[in-house]
Amino acid sequence: MSARVVRTVADLRTQVSSWREEGLKTAYVPTMGSLHEGHLSLVRLGLEKADRAALSIFVNPTQFAPHEDFDAYPRAEAADVRAAASAGAELIFAPNASEMYAEGFATSFEMKGPAEGLETDFRPHFFGGVALVVAKLLIQAGTDYAIFGEKDYQQLCVVKRLVKDLDIPTEIVGGPIVRDEEGLALSSRNAYLSPEELAVARTLNKTLFTAAADIAAEPARAEVRLGEGRAEIIRNGFNSLDYLELRQAGTLAPFTPGMKEGRLLVAATIGRTRLIDNVAVEVG
Ligand code: PAF
């Protein structure tokens with residue numbers, strides 16, 4: 001199967017509207033490209049819900065700080081288009097920066113609620129940029145569904161809040177994390193890892209899963225167990241740990257006694273690669 005690539009909002013809207021006029025529903029997978037199996041699983045999930053799948057490829061400058069990897073971020077459009085088509089996407093929106101941010105662009109977003117803490121403590125610009133571009137992408141496309149990976153769990157919670165707050169009529173669906181054979185969550189940034197770093201990276205999910213199981217079994221020890229997990233991550237060879245934190249699933253409010261549905265989230269750096277991961281914690 002091949003996919004049609006469009007570069008303007010007008011062409012994107014025309015295609016999605018024509019599917020709607022035929023009575024077909026569309027699922028949309030916003031991405032920054034450099035597609036891997038995790039993204040493709042989101043396309044397939046979209047096609048379980050809808051008749052057509054569209055995917056966007058746009059490395060969004062507003063979610064990168066000046067010192068981050070915007071210029072180095074892997075870009076491989078031709079391969080991405082082939083991969084997306086092989087998963088069943090029929091439409092690819094790949095705009096240039098001026099289509100998304102025309103000269104004189106003057107709008108910015110500030111997110112609170114699920115955007116507070118975690119990533120925001122280390123990347124304060126991040127969710128403003130994500131919220132802005134996701135709002136634009138969803139409003140531009142007007143699809144029935146949009147699919148986001150649970151790997152970026154805080155982002156998924158932020159997007160759900162954003163869509164509710166702005167009354168955007170697109171249903172947000174979370175797709176499960178896809179992992180490699182040793183449990184490492186797939187990420188475009190894994191391409192930066194050397195073989196030695198990859199071995200360290202693959203310990204992260206083990207620390208996360210073990211800590212989550214222990215906390216679920218003995219929630220009263222959660223703080224102590226988190227401390228042990230933090231020490232283990234550094235012992236395993238990570239250069240730095242930004243956070244290993246337990247939050248309430250969905251709202252991402254601090255997890256307090258009596259809460260049942262938790263989410264354990266981690267961000268740690270090995271070499272020049274910052275990895276994030278998370279897992280559900282079901283208490284009692
Ligand atoms: O998760 C991503 O790839 C990006 O943050 C997103 C949602 C496509 C917005 O640029």
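As the structure lists them, so they are numbered: ligands from 1, and atoms in each ligand from 1.
In this structure, atom 5 (O) of ligand 1 lies nearest to the protein heavy atom Gln155 OE1, 2.7 Å.
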For residues 82-89, which side-chain donor-acceptor pairs fall under 3.5 Å, sequence neighbours excluded?
unit_1 : atom_1 : unit_2 : atom_2 : d
Ser86  : OG     : Ala83  : O      : 2.7

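Within the listing of ligand 1, atoms 8 (C) sit less than 4.0 angstrom from a heavy atom of Pro30. Each of the following atoms of ligand 1 lies closer than 4.0 Å to a heavy atom of Val133: 9 (C), 10 (O).
Residue-to-ligand polar distances place Gln63 within reach of ligand 1: an N/O pair is separated by less than 3.5 Å.
Remark: Arg75 is positioned above the aromatic ring of Phe70, its terminal NZ or CZ atom under 6.0 angstrom from the ring centre and at most 45 degrees off the axis.
Under the 4.0 Å criterion applied to side-chain N and carboxylate O atoms, Arg247 and Glu116 are not assigned as salt-bridge partners.
Using a 4.5 Å heavy-atom threshold, the side chains of Lys206 and Glu232 count as separate.
Using cut-offs of 30° and 60° for the angle between ring planes, the Tyr73 and Phe64 rings count as perpendicular.
The part of Thr31 lying near ligand 1 is the backbone, judged by heavy-atom distances below 4.0 Å.
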